[in-house]
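See below for the structure under consideration.
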Amino acid sequence: MNLELSVRKNIYSLKPYSCARDEFKGEASVYMDANENPYNRPYNRYPDPLQTALKEKIARIKNVRPTQIMIGNGSDECIDLVFRIFCEPKKDAVVAIEPTYGMYKVCADINNVKYTKVLLDKNFQLDAEKLLAETDERTKAVFLCSPNNPSGNLLKRQEIQKVIEKLNGIVVIDEAYIDFSGAPSWLNELDKYPNLIVLHTFSKAWGLASVRCGLAFASEEIIALFNKVKYPYNVNCLTQRYVAGQLDEGEQFKNECVKLVLDEKEPLIKALESLKCVKKIYPSDANFLLVKVNNAEQIYKGLVEQGIIVRNRSSISLCNNCIRITIGTKKENHTLIKVLKMLDSDLLNSNNKPLAKKSPRKAKVLFPEVFENEDID
Ligand SMILES: *Cc1c(COP(=O)(O)O)cnc(C)c1O
């Protein structure tokens, strides 16, 4: 892949905005360069546009160089930037697996870039040749997600590798759930493949969805393009400091969270399997389960009425009558199963008539014992 030919011409030649904190780097005693208020320290100062301190810590943990890291306001920002850097609106195209994370298509639509879906097989696996057959000279990027959302499975390594090696364009591998999978990250292959962009996030295994911090890893040349196009101060100082503080403890806290969640997986699967409404539980390498039920709409509504929110994925390709359940705490999982059991017996008694018609429900009243002693955690 020739990077110059792959990047939009206007972006390749873009002279980026140079902010005050770009022009002077380092420590000074008097700052009079950015029209800031001298009071209300430390929040009066603009944050480091390149998040140098945070990148050094991330580099150590992820075993990459700081210059291979782009930090975004969530990995959603990084996804959008891929379009803005590589895809000429109304001209270029991307190809993605289907079903997958919805943001790739939304970003394509916002940027007016053609988005082609390539259906996974019935086990949600990727066929590299089938995907590559949908690419052409206008295809600037391919989006893969492994473990995939909403199916939960890792894509086969060999097929991913084929796509990276054969595509004359960028391959984005979204590894938002990699820490739950036990599989090696594609980060290890960054130096081998100049067309690879790997996405990670602090929103899932690290338990930091609210701070909005996502990562793109790529060659230094690609990261330089990200840095040109991103807003100068895209990651605020609270997020930079908070995440850096979390990293001071290394990966210990994250690993403990991952273990707690994974320990809940088998018991939850067993409990779900014993329910009559559950038809199939797809194998998961992530912190959620895709579950085929007899009537997703009915189960979803029944759960909502008891204050439990899962994701109804029924309208998505290959996910007919599927709900996606995020693994919760032991207590939350118990609550879910308890309510599902009651919905299960209602279902049998009502000849599949909608529950609401049979007995209108109010949230949290029918099974008060389920919600007793509920800690807020
Ligand atoms: C949750 C998720 C993300 C995370 O997005 P952020 O913007 O970093 O919170 C990214 N990709 C996939 C596939 C996800 O499911």
Side-chain angles (χ1 to χ4, degrees), residues 3-4 7-8 10-37 41-86 107 170 172 174-176 185 187 190-191 194 196-203 206 208 210-248 250-251:
L3 194 61
E4 182 176 350
V7 175
R8 292 170 68 195
N10 61 313
I11 300 298
Y12 199 80
S13 57
L14 176 72
K15 193 177 174 308
Y17 176 72
S18 181
C19 60
R21 294 292 178 268
D22 279 328
E23 289 182 6
F24 175 81
K25 293 189 178 99
E27 294 287 317
S29 55
V30 180
Y31 285 102
M32 295 180 158
D33 60 343
N35 299 347
E36 298 148 335
N37 186 327
R41 288 179 193 183
Y43 305 107
N44 60 329
R45 298 296 174 201
Y46 281 103
D48 175 2
L50 290 175
Q51 309 101 16
T52 316
L54 180 54
K55 279 183 186 168
E56 275 167 18
K57 294 188 179 184
I58 293 170
R60 235 169 284 144
I61 280 180
K62 304 279 187 180
N63 199 20
V64 298
R65 295 183 292 282
T67 46
Q68 293 176 301
I69 306 172
M70 152 77 196
I71 308 181
N73 187 329
S75 37
D76 289 348
E77 182 186 4
C78 304
I79 294 166
D80 185 56
L81 283 168
V82 170
F83 286 94
R84 293 168 63 204
I85 292 168
F86 294 100
C107 288
I170 296 290
V172 178
D174 187 338
E175 295 187 329
S185 168
L187 271 188
L190 221 49
D191 287 327
L196 179 60
I197 297 177
V198 178
L199 303 180
H200 283 192
T201 180
F202 284 100
S203 298
W206 289 87
L208 294 170
S210 80
V211 308
R212 308 307 303 131
C213 193
L215 305 168
F217 301 91
S219 71
E220 296 182 358
E221 291 76 16
I222 291 176
I223 295 301
L225 292 164
F226 273 106
N227 287 337
K228 273 211 303 192
V229 177
K230 79 178 185 67
Y231 292 137
Y233 304 112
N234 62 321
V235 182
N236 70 66
C237 83
L238 298 171
T239 294
Q240 289 189 42
R241 280 175 197 209
Y242 191 76
V243 176
Q246 296 271 302
L247 295 184
D248 283 339
E251 296 186 273

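The figures that follow rest on heavy atoms only: side chains count, while hydrogens, waters and symmetry mates do not.
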Next on the checklist: With a 4.0 Å cut-off on N to O distance, would you call Arg65 and Asp191 a salt bridge?
Outcome noted: yes
Are the side chains of Trp206 and Leu247 in touch, meaning some heavy atoms are under 4.5 Å apart?
-> yes
Problem - SB check Arg21 Asp33 (cutoff 4.0 Å) - result: yes
dist Lys25:NZ -> Glu23:CD (nearest 0.5 Å) comes out at 9.5 Å
Between Pro49 and Cys19, the two heavy atoms sitting closest are CG-SG, 4.0 Å
In this structure, CD1 of Ile69 is separated from CD of Glu56 (nearest 0.5 Å) by 9.5 Å
Across all chains, not counting sequence neighbours, the ring-ring contact (aromatic ring centres under 6.0 Å, His included) partners of Tyr233 are Tyr46
Sorted by chain and number, sequence neighbours left out, side-chain hydrogen bond (donor to acceptor under 3.5 Å, both in side chains) with Asn44 holds for none
To the nearest 0.5 Å, atom CG of Leu81 lies from atom SG of Cys107 at 9.0 Å
task = Before accepting this row, confirm whether a basic side-chain N of the pair Lys57/Asp248 lies closer than 4.0 Å to the acidic partner's carboxylate O.
result = yes
Sequence neighbours excluded, the answer for side-chain hydrogen bond (donor to acceptor under 3.5 Å, both in side chains) partners of Lys230 is Asn234
Nearest heavy-atom approach of Val64 to Leu190 is CG1-CD2, 4.3 Å
With sequence neighbours left out, the residues meeting side-chain hydrogen bond (donor to acceptor under 3.5 Å, both in side chains) with Glu27 are none
Taking the side chain as C-beta and beyond, is there a heavy-atom pair between Glu220 and Pro66 under 4.5 Å?
no
| query | For atom OH of Tyr31, is the number of surrounding heavy atoms from other residues, nucleotides or ligands below 6.0 Å larger than 12? | reply | yes
Residues at least two apart in sequence or cross-chain that pass ring-ring contact (aromatic ring centres under 6.0 Å, His included) with Phe217, listed by chain then number, are His200
Lys228 side chain to Tyr12 backbone, donor-acceptor under 3.5 Å:
yes
With sequence neighbours left out, the residues meeting side-chain hydrogen bond (donor to acceptor under 3.5 Å, both in side chains) with Arg84 are none
